[in-house]
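What follows is one structure encoded as structure tokens, with my remarks underneath.
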There are 2 protein chains.
Amino acid sequence: MPEQSPGSRPTLEAVAARAGVSRATASRVVNGGDGVRKPLVDKVRAAVDELGYIPNHAARTLVTRRTGAVAVVIAEPEIRIFSDPFFSQQIRGISKELTAHDTQLVLLLVEGPGDFDRIARYLSGGHVDGALAFSLHTDDALPEITRRAGIPAVYGGRPSPTADPGDQAVPFVDADNRGGARLAVRLLKDLGRERIAHICGPPDQTSAMDRLDGYRDVLPDADPALIAEGAFTVESGARAMTELLERRPGLDAVFAANDLMASGALRVLRERGISVPEQVALVGFDDMDPVAKETDPPLTTINQDIEGQGRLMARLLLGALDRGRAGSGTTPASVITSTTLVRRASA
Amino acid sequence: MPEQSPGSRPTLEAVAARAGVSRATASRVVNGGDGVRKPLVDKVRAAVDELGYIPNHAARTLVTRRTGAVAVVIAEPEIRIFSDPFFSQQIRGISKELTAHDTQLVLLLVEGPGDFDRIARYLSGGHVDGALAFSLHTDDALPEITRRAGIPAVYGGRPSPTADPGDQAVPFVDADNRGGARLAVRLLKDLGRERIAHICGPPDQTSAMDRLDGYRDVLPDADPALIAEGAFTVESGARAMTELLERRPGLDAVFAANDLMASGALRVLRERGISVPEQVALVGFDDMDPVAKETDPPLTTINQDIEGQGRLMARLLLGALDRGRAGSGTTPASVITSTTLVRRASA
DNA sequence: CTGAAAGCGCTAACAG
DNA sequence: CTGTTAGCGCTTTCAG
């Protein structure tokens, strides 16, 4: 590929001239070459190589009305994203899938509440063909925004407490949080634990509430004082554990709604000289790398395939885009991915 | 803003018609409105609002040759990105700065060695006006690729051992790794430690080598057996610590080239019953959230403003783009950001 | 200060 | 199978 100085790139016109064909034929070859005779195809290909031709994306988009790009919108102004490998992994999965389909990833980070306007404008502006969105807090405006933008969107995580997988309006990919929580609590129960506490996540996140529901599925009559609320951070986990210990010193097991909180809880237990898992068994959620393996003792936790979820989100969206082009505008169906119990030393 | 169904968006033509002006005037208003009489400006603005007009980006790019987007290229196929908040923070900073200048962030993740071709094509394809790149391993092709793509680029981290801040060819933003390392080692020395070991990072990363140089600046005559190589991961830090302890059981301090390795080292020390900081003082690097604060004891370490670095990278690039438009194609100068010592309990 | 006209580079009917 | 012809929606001289 010859070096390019910007602003002087060869056009299709130039390629056509060099190959001795019309612009239309050159275009056909560049776009796959169906229905063009072999010798001409070769000539055009040669011209493309010699000239270092690269199609002008803007011109192509202008006529095809496809940008070949999708937005990834992350509505998380909090510091949490900084210490959360969750997004990195999910994005890695998305990126892999998009790349495999020659689609670009435009990252839209919400920096503050006023940003939703900007996002809305961008999504409606024909910059992208679709959107992949992470709407962590149920009160945020994202689902409404993508709906109004009139472009297909797939969510990472169930976007609202009322959304269900059958819902055609807001397709999403989510782990089986409730089922995973049941796995965790059932393990604790099978271990013979009788006072199983739960450190739940923030009530405005569906994943937190789903995990709480799973806990309640297994322990419908649990003492309410055995439930403490955290914020999915290490610190909040420590605080919740302290609270729990004050309220119910006799507890013999804890299910934390994520590994970060579990590690905070672990620290408090260690400080108090309470042995894990002997006196208190502990189970986390996420199987977060490297947290889960590196705590002392390593965490028994619930694994979910985060990168796979990202890939799946992208696949669903790309499918919708293809169908959109074909005219049959079906929204994709939501998918719930499975969770598995990973047994380590903490329970 | 009225709801949009895709493919039926109002054009500038429609706005002009509704406002009773020509397309040219409408365009002028949409782009700032200089040199248009007030009443007409208002009419056009009203029409824009009523119609919910949003400029077509592709059409605009086609004529202006500016995309309003920059690529962020991350050449890190390894798993490291998953557990490294470094990128998240850096990207957060970049995103803030770009957003403030109405510029979009296109994320390009390198998934494997074959991907560089794809990246090169994209960068040359007129999709973006410039690139922000992270080239962690000195042997990768990124600097060459951005150079040939003919678009301005700014690097995060010194891209090669030979690159220096005065070098006009490859502008970069990097922390003062060497100076930070000196800070760390000098502290240990001032504490009266006499056998100060170093766990260094991979030799193909300039940040690792710069930190090693800083160590050597303070301890030019250090016993080579006091230096062990890690890979910036927790596990590798643990391995290196084990090695060090075998070779020099009498060591009384360790400077680890990042917090992740420091935490691995800490685990090994704890397992051996070696008290920190009493028997062995430990200093990390990065002040990584939440690792540094959550270890037991919390890490004394070197802080760098990662988000600030990201912001700075974006600012340098945007400056170059503006100058590019003005015709005076100056490349930005590199910047080295300062590091500070954060004293906690491990040293 | 405003409008008319040209054209950015490409694809997609439509003829031939 | 290939070429000709129209635009896609916008900015930008250039006249008026």
Side-chain angles (χ1 to χ4, degrees), chain A residues 4 6-45 47-48 51-68 102 124-127 129 325-327, chain B residues 4 6-45 47-48 51-69 102 124-127 129 325 327:
Chain A
Q4 302 300 340
S8 70
R9 296 222 319 269
T11 69
L12 235 207
E13 185 78 54
V15 172
R18 175 149 193 142
V21 300
S22 75
R23 219 163 61 223
T25 298
S27 171
R28 288 182 189 111
V29 173
V30 168
N31 293 294
D34 311 331
V36 177
R37 240 178 322 198
K38 188 78 193 313
L40 285 195
V41 171
D42 291 343
K43 262 194 206 151
V44 173
R45 293 245 160 89
V48 165
L51 263 31
Y53 169 75
I54 300 177
N56 180 310
H57 185 243
R60 185 179 272 178
T61 295
L62 186 55
V63 37
T64 59
R65 275 127 200 314
R66 286 204 107 213
T67 65
D102 265 307
S124 311
H127 296 76
D129 300 327
R325 199 166 31 172
Chain B
Q4 303 299 342
S8 71
R9 295 224 318 273
T11 68
L12 233 208
E13 183 79 54
V15 172
R18 175 152 194 139
V21 301
S22 73
R23 221 164 58 221
T25 299
S27 171
R28 289 184 188 109
V29 173
V30 167
N31 293 296
D34 310 332
V36 178
R37 243 178 318 202
K38 188 78 194 314
L40 284 195
V41 171
D42 291 343
K43 262 195 208 156
V44 173
R45 293 246 161 89
V48 164
L51 263 31
Y53 170 75
I54 299 177
N56 180 308
H57 185 243
R60 184 177 273 178
T61 295
L62 186 55
V63 36
T64 60
R65 275 136 198 310
R66 283 202 110 213
T67 64
D102 266 308
S124 311
H127 295 77
D129 300 327
R325 200 166 30 173

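Protein chains get the first letters and strands the later ones, always in sequence-line order, with residue 1 at the start of each.
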* Taking all non-hydrogen atoms of both residues into account, name the closest pair between A:Leu62 and B:Ala58 and its distance. => N-CB, 3.9 Å
* To do: Return the set of residues passing side chain to side chain contact (heavy atoms under 4.5 Å, CB included) with B:Asn31 (not counting sequence neighbours), or none when no residue passes.
  => B:Ser27, B:Arg60
* Structure fact -> chain A vs DNA chain C, heavy-atom contacts under 4.0 Å, first-to-last nucleotide span, 5' to 3', is C:dG9 to C:dA13
* Could you encode protein contacts along nucleotides 7-16 of chain D as a string, one character per nucleotide from 5' to 3', using B for base contact, S for sugar-phosphate-only contact and - for no contact, with a heavy-atom cut-off of under 4.0 Å? => -BBBBBB---
* At what distance, to the nearest 0.5 angstrom, does OG1 of B:Thr61 lie from NE2 of A:His127? -> 7.5 Å
* Structure fact -> Sequence neighbours excluded, the answer for side chain to side chain contact (heavy atoms under 4.5 Å, CB included) partners of A:Ala24 is A:Ser22, A:Arg28
* Structure fact -> Residue set satisfying side chain to side chain donor-acceptor pair (under 3.5 Å) with A:Thr67, at least two apart, ordered chain then number -> A:Asp129
* Can you check whether B:Val15 reaches B:Val44 side chain to side chain, under 4.5 Å on heavy atoms? -> yes
* Asked: How many angstroms lie between atom OG1 of B:Thr11 and atom CZ of B:Arg9, to the nearest 0.5 angstrom?
  -> 10.0 Å
* Check: A:Arg18 and A:Leu51 side chains under 4.5 Å, non-hydrogen atoms -> yes
* Taking side chain to side chain contact (heavy atoms under 4.5 Å, CB included) as the test, write out the residues that go with B:Ala17, two or more places apart. => none
* **Set of side chain to side chain contact (heavy atoms under 4.5 Å, CB included) partners for B:Arg45, sequence neighbours left out** => B:Val29, B:Val41
* Which angle, rounded to 10°, do you find between the first-five-pair axis and the last-five-pair axis of the helix from C:dC1-D:dG16 to C:dG16-D:dC1? -> 40°
